[in-house]
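In the text below, chain A, chain B and the rest are named by the order of the sequence lines, each starting its count at 1.
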Protein chains: 2
Amino acid sequence: MSIEPDFDKGGGLVPVIVQDSETNAVLMLAYMNRDSWIKTLETGKATFWSRSRNQLWLKGETSGHVQIVKDILIDCDNDTVLLKVTQVGGAACHTGYASCFYRKLSGDGFETVGERVFDPKEVYK
Amino acid sequence: MSIEPDFDKGGGLVPVIVQDSETNAVLMLAYMNRDSWIKTLETGKATFWSRSRNQLWLKGETSGHVQIVKDILIDCDNDTVLLKVTQVGGAACHTGYASCFYRKLSGDGFETVGERVFDPKEVYK
């Protein structure tokens, strides 16, 4: 397959920004290797490479909060992917917030500004 | 400084997503080390670490298209930063497009969907 990001540059992985296709909120950043790229194209569901577990990671596999891919964009250097998705369940973050970026730098600390959509204890049993 | 991303996880660097604070468009992805993080906080202008040139990189230093930082958010894992910025000049990409993500996967290839704001030959002389 010739149409793909440059996986070699980052040792087999490219960073993937996930953006809500309706609200334009940035939901999370994850990584893809070639297998997860192909899986994402085949299934239309965001699939990443988990660097901590060293395995393919279908986002939402446990929680049901999968990400339906609407658009796939690539940057000028071919080394970063932008996925525009519909976030099933309304929350991308395992903490229950809509976005993983739910804390904002404010004075000397980080202030929570995100919206909590679910209780993790209810979702990950 | 205790309030900062976890630079150790990525060998001293964290990925930084840059988003237009008005349009919510994702403009680019770059990397910061601790020096560029501190420089960004001090100056209010997005400053990265150039992995290709191995030096601090004030975004827009050559083109004048600096990024005025409006908000700094951090993700649940403390290993990715989201900068919301005002993009001076209206374009973040060195190719003259508003966003580095100006190509969309379409059928067998990438289709240009972005808007070209300037001619690189005029800006980088």
Under a 4.5 Å heavy-atom cutoff, which of A/Val81, A/Asp77, A/Ile72, A/Thr23 has the most pairs with chain B? A/Ile72

Supply the atom-to-atom distance A/Met28 CE to B/Ile17 CD1, rounded to the nearest 0.5 angstrom. 10.0 Å

Specify which of A/Cys76, A/Ala25, A/Ser106 makes the most heavy-atom pairs with chain B at under 4.5 Å. A/Cys76

Out of curiosity, A/Leu82 CG to B/Arg103 CZ, how far, rounded to the nearest 0.5 Å? 12.5 Å

Measure A/Val113 against the heavy atoms of chain B and call it side chain, backbone, both or neither at under 4.5 Å. side chain

Under 4.5 Å between side-chain heavy atoms, hopping through other hydrophobics if needed: is there a path connecting B/Tyr97 to B/Val117? no

Linking I/L/V/M/F/W/Y whenever their side-chain heavy atoms sit closer than 4.5 Å, directly or via other members, would B/Ile68 and B/Trp37 fall into one cluster? no

Is A/Tyr31 linked to B/Met32 within one hydrophobic cluster, defined over Ile, Leu, Val, Met, Phe, Trp and Tyr using a side-chain heavy-atom separation of less than 4.5 Å? no

Partner of B/Leu29 under side chain to side chain contact (heavy atoms under 4.5 Å, CB included), chosen from A/Asp75, A/Leu29, A/Val14, A/Val16: A/Leu29

Straight-line distance of B/Lys104 NZ to A/Ile74 CD1, nearest 0.5 Å: 14.5 Å

Can you tell me which portion of A/Asp20 sits under 4.5 Å from chain B's heavy atoms? Options are side chain, backbone, both or neither. neither

Cluster question for you: counting only ILVMFWY and a side-chain heavy-atom cut-off of under 4.5 Å, with indirect links fine, are A/Val66 and A/Leu83 together? no

Out of curiosity, does B/Ile38 fall in the hydrophobic cluster containing B/Leu56 (side-chain heavy atoms, cut-off under 4.5 Å, transitive links)? no

Return the option, out of A/Leu73, A/Val26, A/Thr95, A/Asp79, with the maximum number of heavy-atom pairs under 4.5 Å with chain B. A/Leu73

Residue B/Lys70 excluded, over 12 heavy atoms near NZ under 6.0 Å: no

